[in-house]
There are 2 protein chains.
Amino acid sequence: MSRILIVEDEPQLLRALTINLRARGYEVKPVADGRSALVVAGAGEIDLIILDLGLPDMDGVDVVRALRGWNNVPVIVLSARDAQAAKVGALDAGADDYVTKPFGMDELLARIRAALRRTDSTNDAPIVRTASFTVDLSAKRAERDGHEVRLTPTEWHLLELLVRNPGKLLSQQQLLQQVWGPSYATETNYLRVYMAQLRRKLEPNPSQPQHLLTEPGMGYRFAP
Amino acid sequence: MSRILIVEDEPQLLRALTINLRARGYEVKPVADGRSALVVAGAGEIDLIILDLGLPDMDGVDVVRALRGWNNVPVIVLSARDAQAAKVGALDAGADDYVTKPFGMDELLARIRAALRRTDSTNDAPIVRTASFTVDLSAKRAERDGHEVRLTPTEWHLLELLVRNPGKLLSQQQLLQQVWGPSYATETNYLRVYMAQLRRKLEPNPSQPQHLLTEPGMGYRFAP
DNA sequence: CTTGCACGTTAGGAACCCGTCAAGATCGAG
DNA sequence: CTCGATCTTGACGGGTTCCTAACGTGCAAG
């Protein structure tokens, strides 16, 4: 069964969550602050993290960011009802889902199942094909019409994000923060330039893209 | 069977409701003021609360607000016909639905069933389907008759709020504040414009909407 | 019937976003 | 140091979205 790391400073809630998840057959590691969370996560063997944003020692968003530096384990964030901004920040930093307090145990369990299901399915499809090009994620190669296409590191990073989330809309902030880092969230210029380059290299008709799509005002989407 | 807390200061009505609901098999806790309501609710084991806004000791809106601090049990508000403002306030504070006095027992029972059903249904499906359209919240995609429908950021934001609270009535203030920000709470014009656009894009017959419903004077509701 | 109110509908200009291009700036290899 | 590749930055035109105000409609009260 899956191993879950719970990071929550309220002892009552931490205990309740631990008991409930153990009762469902999960293996649970409860910790009460961000530092311990990073240590335990660093030790590996964790399939999912449940993280309260309101921690005593660190900003929860920083915890997510630190994790994302070397790990892609799914993170579900817990946040107070009024902490809208922190929630958004955590998602941008790479959290997978969020639950607003107060929440029902059923809802949390459902989101845990969903998150675990997601990682199961995404890891075993390293080659993505479309009508006009092919991307091999494990070999880091892209092909078009049988010829290999050379991509720069930045181009590759951006393409990988899009292709790993087929059909899903990725916001500009999400993309910018993942590719360029947290402080570049407003440099939408970069996105325009690099999306144009990817299209020029991969799309048959770059001015009418069929797979690397723009959703005005919202972000970009890869259509398989 | 479900446990219902009734908060009502008129003894006659309290008694009538209690008898009626018990006859339907619900377990009922009748109380006559706000303070007792919070105590009983705090003890837990309550699946739904029916709350009269005209209480002797506390403003009903404050009761809702206090509840929402630590609990997300559904709340149905009872209000006199002329207490329009209080009703809206209660919805903004987090109430789920309202019934105007005088009301029929059938109507109240129907709303009770709806509210209980809502919490039962495991909320893990980020894909919402109706007879005429489909909304995928995680991919940020909307479909109608198999075709994708393009929504602008504002349209999407509004639709997402409605769809994430199926069956629940969202007041105009709630919607305006969430989508446009706290200072736009009175610009009801925006809502009319954007609701019309959503209906035009999603409803088969926009002038007779079946899923994006108006509650005159109160707000809007998404009916699955 | 008149009046007032809330909602639906429409349209146009302002503000914003995106694709494109090209010229520096930076970096690493030889 | 020189050179090429890559990344950053700024500017512009065209398209989309948003805001705003006006008008139309249905309903209920007087």
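Letters go in sequence order (proteins before strands), and every chain restarts at 1.
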Which whole-number value in Å describes the distance from [X] [atom1] to [N] [atom2]?
X         : N       : atom1 : atom2 : result
Tyr184(A) : dT9(D)  : OH    : C1'   : 12 Å
Leu151(A) : dA5(D)  : CG    : P     : 15 Å
Arg192(B) : dC23(D) : CZ    : C1'   : 12 Å
Leu158(B) : dC18(D) : CG    : P     : 11 Å
His157(B) : dC18(D) : NE2   : P     : 12 Å
Leu191(A) : dC7(D)  : CG    : P     : 14 Å

Query raised in the report: Gln172(A) near the nucleic acid: base, sugar-phosphate alone, or nothing, with a heavy-atom cut-off under 4.0 Å?
Result: sugar-phosphate

Query raised in the report: How is Trp180(B) classified with respect to the nucleic acid when contacts are heavy atoms under 4.0 Å: base, sugar-phosphate, or nothing?
Result: sugar-phosphate

With sequence neighbours excluded, what pairs up with [X] under the side-chain hydrogen bond (donor to acceptor under 3.5 Å, both in side chains) test?
X         : answer
Ser183(B) : none
Arg150(B) : Glu215(A)
Thr214(A) : Arg199(A)

Requested in this report: Name every residue in residues 197-222 of chain A that has at least one heavy atom under 4.0 Å from any atom of DNA chain D, in order of residue number, or write none if there are no such residues.
Outcome: none

Query raised in the report: Taking atom types as modelled, is there a side-chain donor on Thr18(B) or Asn20(B) under 3.5 Å from an acceptor on the other?
Result: no

Query raised in the report: Closest to the Asn189(A) side chain: dC7(D), dT17(D), dG10(D)?
Result: dG10(D)

Requested in this report: Sequence neighbours left out, what pairs pass ring pair (Phe, Tyr, Trp, His ring centres under 6.0 Å) with at least one residue falling in residues 203-224 of chain A?
Outcome: Phe133(A)-His211(A)

Query raised in the report: Tell me the ring pair (Phe, Tyr, Trp, His ring centres under 6.0 Å) pairs involving residues 139-159 of chain A, sequence neighbours left out?
Result: none

Query raised in the report: In chain order, what residues pass the salt bridge (charged side-chain N to carboxylate O under 4.0 Å, His left out) check against Asp92(B), with sequence neighbours excluded?
Result: none

Report task. Taking salt bridge (charged side-chain N to carboxylate O under 4.0 Å, His left out) as the test, write out the residues that go with Arg141(A), two or more places apart. Result -> Glu143(A), Glu148(A)

Counting just side-chain N and O atoms, does [X] come under 4.0 Å of either OP1 or OP2 of [N]?
X         : N      : answer
Tyr190(A) : dT8(D) : no
Thr152(A) : dT6(D) : no
Tyr194(A) : dT6(D) : no

Report summary line: Angle separating the five-pair end axes of the helix from dC1(C)-dG30(D) to dG30(C)-dC1(D), nearest 10°, is 30°

Requested in this report: Scan residues 49-63 of chain B for pairs that pass salt bridge (Lys or Arg N to Asp or Glu O under 4.0 Å), counting only residues two or more places apart or in two chains.
Outcome: Asp52(B)-Lys101(B), Asp62(B)-Arg65(B)

Query raised in the report: Between the side chain of Asp33(B) and the main-chain N/O of Ser36(B), is any donor-acceptor distance below 3.5 Å?
Result: yes

Query raised in the report: Mind checking what makes ring-ring contact (aromatic ring centres under 6.0 Å, His included) contact with Tyr194(B), not counting sequence neighbours?
Result: Trp180(B)

Query raised in the report: Quick one: how far along DNA chain C does chain A reach, first to last nucleotide 5' to 3', anything under 4.0 Å to a heavy atom?
Result: dC17(C) to dC21(C)

**Report entry** Minimum heavy-atom distance between Ala90(B) and Val64(B), given as atom pair plus value
**Finding:** O-CG1, 4.0 Å

